[in-house]
Amino acid sequence: MLAEVMIFVPSVARFRQDYIMSRLERAQIASLALLATDGMIDPQLESELLANAEVYNVVLRRDEVRQLVLSSPIPAPIHRTYDMRDPSAWELIRDAIACLLDPQERIIRVIGAPVREAGLLIEITMSTAPLRAAMIEYGLRILALSALISVVTAALLFLAVRRLLVAPIRRVVAHMTAYAEAPEDVRRVIEPRSDILEVREAEEALRSLQQQLTAALRQRERLAQLGGAVARISHDLRNILTSAQLFADRMEASADPAVQRAAPKLVSSISRAVTLCESTLAFGKAEEPPPRLTRFLLAPLIAEVVESEQMAAGQNVRFVIDVPKTLSIRADHEQLHRVLTNLVRNARQAIEATGRAGTITISAGEEDEGWWIRIQDTGPGLPMRVREHLFEPFQSGSRKGGAGLGLAIAAELVRGHGGRLELARSDESGTEFVLHLPRDLGAGDG
């Protein structure tokens, strides 16, 4: 539309100028013909000359002398005078727009020199009605031509877009749909063929993604099969170890000093093996169910967790609870109990492993985004190799005999709440975990 306006306005201005100049030329020819006859002309011929020029009067100006050559009655006073000898582009555009916007018929005087010779000027009087009608007709022709050009351009653009963009994108979408039906089939991985650089880059990126996903699915399938085999082995092994544990318990009652010295170590080793098998079976089960969100006070839950751990803790472990009694949160009570129990138990075991006295501090608070719970201990800190794979199963076990599944399960439960479990600090002065729970969990209470 902007291009159309920029083309149309100068075109109409030029058309108006040409229209007026053509009337000046006709008037000049008629005046020169009259001068050749020494000014004697028949009134009927004079009317025909004026009608042919579409003017009312013709004045010849030569050497500052005005001579009325052709004349006829003027129906109204002269509205305005225009000098067409050297108009600027702005004047032509302004006068053309004013003529188009003025529907009333006006009588105008025009001065011009269509044929320049010895100071000869032509002055005519004419009506704006034929001029405005001709300009409107010209504008409609321009509009029709522009509409035709627009239709042809739109059709060509539609075909070009369909050929260059829509068709390649449909091909990519078809490959994505076919691949989604059987992602393990390598024959459904897209082969880049587009000649358009951007679409080809998209096809290459999609092929790389599909190849990685296919490889990941194969690896996941193999790991699933391996996990099933490990679960079956762990199940059978647990039964065997349970029987061995019963016999080891009987051996503890033996009066033989050598047996009494070896029995505790044997019982401890078998207990760790049974724990490992049970943890493996628990982790290999189906995914955790979605949290059942309820609103409850946090302080009683933490007190329950601490009370359970105090029964197993020695005299060297001290518990400090810094939780407002009125602090209420929204979470799954059972799952949060499991998470806190795991973190507090890890902290207790880390302190007991040093043989020195230590403190476990549990604090909590509320912020704009949600709630936070902090578990701090004064233990020896986590080794660097453990911190690198902290929340990965079978990787983060730092305690002798640990399976490395507790933190992985705790992190998974927190993620199920839409929150996160992170290690805030771990050094020689102790370890600090922070649990964040969002306020908007996307579910109602209960």
Side-chain angles (χ1 to χ4, degrees), residues 279 282-283 287-310 313 317 319-351 358-379 381-382 386-393 395-399 402 404-427 429-443 445:
S279 299
F283 187 76
E287 296 182 354
E288 295 287 346
R292 296 177 58 87
L293 305 177
T294 57
R295 177 76 68 169
F296 57 89
L297 294 175
L298 181 61
L301 173 63
I302 293 180
E304 181 182 350
V305 172
V306 170
E307 183 179 359
S308 300
E309 292 301 317
Q310 281 178 333
V317 181
F319 293 88
V320 176
I321 301 177
D322 182 16
V323 178
K325 294 184 178 181
T326 58
L327 178 60
S328 175
I329 68 172
R330 191 157 64 96
D332 187 305
H333 188 280
E334 180 61 27
Q335 291 187 2
L336 187 59
H337 186 281
R338 291 169 58 188
V339 172
L340 295 177
T341 298
N342 186 281
L343 295 174
V344 174
R345 182 176 300 163
N346 287 347
R348 173 181 62 80
Q349 293 173 347
I351 294 175
T359 303
I360 299 174
T361 303
I362 306 171
S363 58
E366 185 174 7
E367 52 192 7
D368 293 338
E369 293 79 9
W371 303 274
W372 56 267
I373 305 174
R374 181 176 288 108
I375 295 91
Q376 300 172 276
D377 66 69
T378 58
L382 296 173
V386 175
R387 277 182 267 174
E388 293 176 353
H389 307 280
L390 188 60
F391 299 110
E392 298 179 16
Q395 299 288 336
S396 59
S398 59
R399 177 176 55 86
L405 285 173
L407 286 178
I409 295 174
E412 180 181 351
L413 294 176
V414 175
R415 284 195 301 269
H417 284 72
R420 67 184 187 277
L421 176 63
E422 57 186 15
L423 176 65
R425 175 183 58 85
S426 185
D427 49 33
S429 62
T431 301
E432 177 181 342
F433 282 94
V434 180
L435 189 155
H436 296 275
L437 292 176
R439 185 179 303 277
D440 184 10
L441 302 179
D445 293 348

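Throughout, numbering of the chain's residues begins at 1 and tracks the sequence.
Rounding to the nearest 0.5 angstrom, the gap separating the CD1 atom in Ile302 from the CD1 atom in Ile373 is 5.5 Å. Remark: Arg345 CZ to Ile360 CD1 distance equals 11.5 Å, nearest 0.5 Å. One finds the OG1 atom of Thr431 at 12.0 Å from the CD1 atom of Ile375 (value rounded to the nearest 0.5 Å). Atom CZ of residue Phe433 and atom CD of residue Glu422 lie 10.5 Å apart, to the nearest 0.5 angstrom. In this structure, CD on Gln335 lies 9.0 Å from CG on Leu293, to the nearest 0.5 angstrom. With values rounded to the nearest 0.5 angstrom, Leu421 atom CG is found 8.0 Å from Leu390 atom CG.
By the 4.5 Å heavy-atom criterion applied to side chains, Ile409 and Arg338 are counted as neighbours. Side chains of Glu369 and His436 form no contact here, defined as non-hydrogen atoms less than 4.5 Å apart. Between Glu309 and Thr341, the closest side-chain pair of non-hydrogen atoms falls below 4.5 Å.
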Could you walk me through whether Leu343 and Leu407 pass the side-chain contact (heavy atoms from CB on, under 4.5 Å) test, one step at a time?
CA-CA 8 Å; Leu343 295 174; Leu407 286 178; 3.6 Å; yes

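Remark: His337 engages no residue in a ring pair (Phe, Tyr, Trp, His ring centres under 6.0 Å) (not counting sequence neighbours). When the side-chain contact (heavy atoms from CB on, under 4.5 Å) test is applied to Arg425, the partners found at least two apart in sequence or on another chain are Gln376, Asp427, Ser429, Glu432. Residues passing the side-chain contact (heavy atoms from CB on, under 4.5 Å) test with Ala299, sequence neighbours excluded: Val323.
The two residues Trp372 and Ser363 have their closest heavy-atom pair at CZ3-OG, 3.6 Å. The nearest pair of heavy atoms linking Arg420 to Val414 is N-CG1, 3.3 Å. Pro324 and Ala364 make their closest contact through CD-O, 3.7 Å (heavy atoms, listed as atom of the first residue, atom of the second, distance). In plain terms, the two heavy atoms of Gly416 and Pro291 that are nearest each other are O-CG, 3.5 Å.
A donor-acceptor contact shorter than 3.5 Å links the side chain of Thr378 to the backbone of Thr359. In this structure a side-chain-to-backbone donor-acceptor pair under 3.5 Å is missing from His333 to Thr294. Proximity of a side-chain donor or acceptor of Asp332 to a complementary backbone N or O of Arg292 within less than 3.5 Å is detected.
We find that Arg439 and Glu367 are not joined by a salt bridge, their nearest charged nitrogen and carboxylate oxygen being 4.0 Å or further apart.
Screening Leu298, Leu327, Leu435 against Trp371 for a side-chain contact (heavy atoms from CB on, under 4.5 Å) leaves a single residue, Leu327.
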